[in-house]
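Structure record follows, encoded as structure tokens.
When reading the values below, keep in mind they use all heavy atoms of this one structure, side chains included, and skip hydrogens, waters and symmetry mates. Numbers restart at 1 for each chain; the letters A, B, ... are given by sequence-line order, proteins then strands.
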Number of protein chains: 2
Amino acid sequence: MENKEEQSEIHGRDLDEETLFIVSQTFKALGDPTRIRILNLLFDKELSVNGIAETLHLKQSTVSHQLRFLKNLRLVKYRRDGTTLYYSHDDEHVMHMLKQTIEHACHH
Amino acid sequence: MENKEEQSEIHGRDLDEETLFIVSQTFKALGDPTRIRILNLLFDKELSVNGIAETLHLKQSTVSHQLRFLKNLRLVKYRRDGTTLYYSHDDEHVMHMLKQTIEHACHH
DNA sequence: TGCATATATCAGTATATGCTCATATATTAA
DNA sequence: TTAATATATGAGCATATACTGATATATGCA
């Protein structure tokens with residue numbers, strides 16, 4: 001119960017392992033320039049894998065790998081149209097953080 | 001000028017290299033469990049290097065290295081009292097993001 | 001000055017990450 | 001079924017990252 005109290009306090013002492021993992025993974029997703037560029041593209045539109053690759057001058061496999069990473073964290077989703085997959089963002093909270101931080105950084 | 005217009009659009013196309021670097025570095029700082037634990041400790045109090053190390057059961061050199069990382073990004077600051085350095089957070093925006101994300105993650 | 005304490009830094013190692021090429025899978029249309 | 005297109009996946013490589021032990025630096029005090 002002491003343990004329970006400590007865990008229910010969000011700050012104060014230490015975080016439990018699962019929370020720590022989720023939080024670090026989330027920020028890690030935003031900690032790579034390529035993934036930031038991809039998410040930035042998806043702010044207001046959906047795009048195919050090749051569409052992203054061509055716009056950002058990246059290899060198809062690079063984009064696909066990074067999209068899988070983002071998909072595993074449920075930061076993006078896709079819809080299929082024929083053989084084409086259209087990706088879009090799927091986490092408002094994360095996109096909001098990204099937007100805020102980009103705007104914050106632009107002032108430098 | 002076309003280039004200028006594209007850069008001034010925050011979304012839409014691509015981000016300039018400097019913005020990309022700042023944003024990715026910021027999130028990278030939050031993308032490591034050890035640094036998250038350290039910042040979480042500093043939410044509402046200042047702590048010495050050894051204080052952090054003992055609380056989190058980390059080596060002194062580990063904590064010192066991570067604090068240097070965070071200090072370079074101006075996410076923490078310190079004040080000296082004798083031979084002891086008391087560290088505290090120094091970026092409200094980042095701490096707010098961290099808090100939000102921790103609370104968000106706790107619901108899982 | 002000399003010693004003790006607190007912190008910083010260096011160098012080595014292990015692991016993680018990201019990119020790329022080659023190839024596999026999946027869907028559509030002929 | 002076969003070909004064409006779009007995407008996913010696997011393996012290898014180079015680099016980045018994090019931790020650690022040993023050592024250096026800095027401050028305060030006797």
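- Under 4.0 angstrom from either OP1 or OP2 of D:dA18 there lies at least one side-chain N or O belonging to B:Arg35.
- For DNA chain C, the span of nucleotides reached by chain A at under 4.0 Å from its heavy atoms goes, 5' to 3', from C:dT17 to C:dT28.
- Annotation: side-chain contact (heavy atoms from CB on, under 4.5 Å) contacts of B:Arg80 (sequence neighbours excluded): B:Leu85.
- With values rounded to the nearest 0.5 angstrom, A:Ile102 atom CD1 is found 11.5 Å from B:Ile22 atom CD1.
- Between A:Thr34 and B:Gly51, the one whose closest nucleotide on DNA chain C sits nearer the 5' end is B:Gly51.
- Once rounded to the nearest 0.5 Å, the distance linking CG of B:Asn72 with CG of B:Leu67 reads 11.0 Å.
- Here side-chain hydrogen bond (donor to acceptor under 3.5 Å, both in side chains) pairs that include residues 23-36 of chain B, with residues two or more places apart or in two chains, are B:Arg35-B:Gln66.
- Atom P of nucleotide D:dT7 and atom CD1 of A:Ile52 are separated by 9 Å, given to the nearest angstrom.
- If you take CD of B:Gln25 and C1' of D:dA16, they are 11 Å apart, rounded to a whole angstrom.
- In summary, of the residues considered (B:Lys77, B:Arg79, B:His89), a side chain to side chain donor-acceptor pair (under 3.5 Å) with B:Glu46 occurs for B:Arg79 alone.
- Listed by residue number, A:Thr83, A:Thr84, A:Leu85, A:Tyr87 are the residues of residues 81-91 of chain A with a heavy-atom contact under 4.0 Å to DNA chain D.
- The aromatic rings of A:Tyr78 and A:Tyr87 are tilted relative to each other, their planes meeting at an angle between 30° and 60°.
- The side-chain hydrogen bond (donor to acceptor under 3.5 Å, both in side chains) test applied to A:Gln60 returns no partner, not counting sequence neighbours.
- Remark: C1' of D:dA8 and CZ of A:Arg80 are 11 Å apart, rounded to the nearest angstrom.
- Salt bridge absent: B:Arg74 and B:Asp91 never bring a charged side-chain N and a carboxylate O closer than 4.0 Å.
- B:His93 places a side-chain heavy atom less than 4.5 Å from the side chain of A:Thr101.
- Checking B:Gln100 against B:His96 by side-chain atom types alone, a donor-acceptor pair falls below 3.5 Å.
- Contacts with DNA chain D (heavy atom under 4.0 Å) in residues 57-74 of chain A: A:Gln60, A:Ser61, A:Ser64, A:His65, A:Arg68, listed by number.
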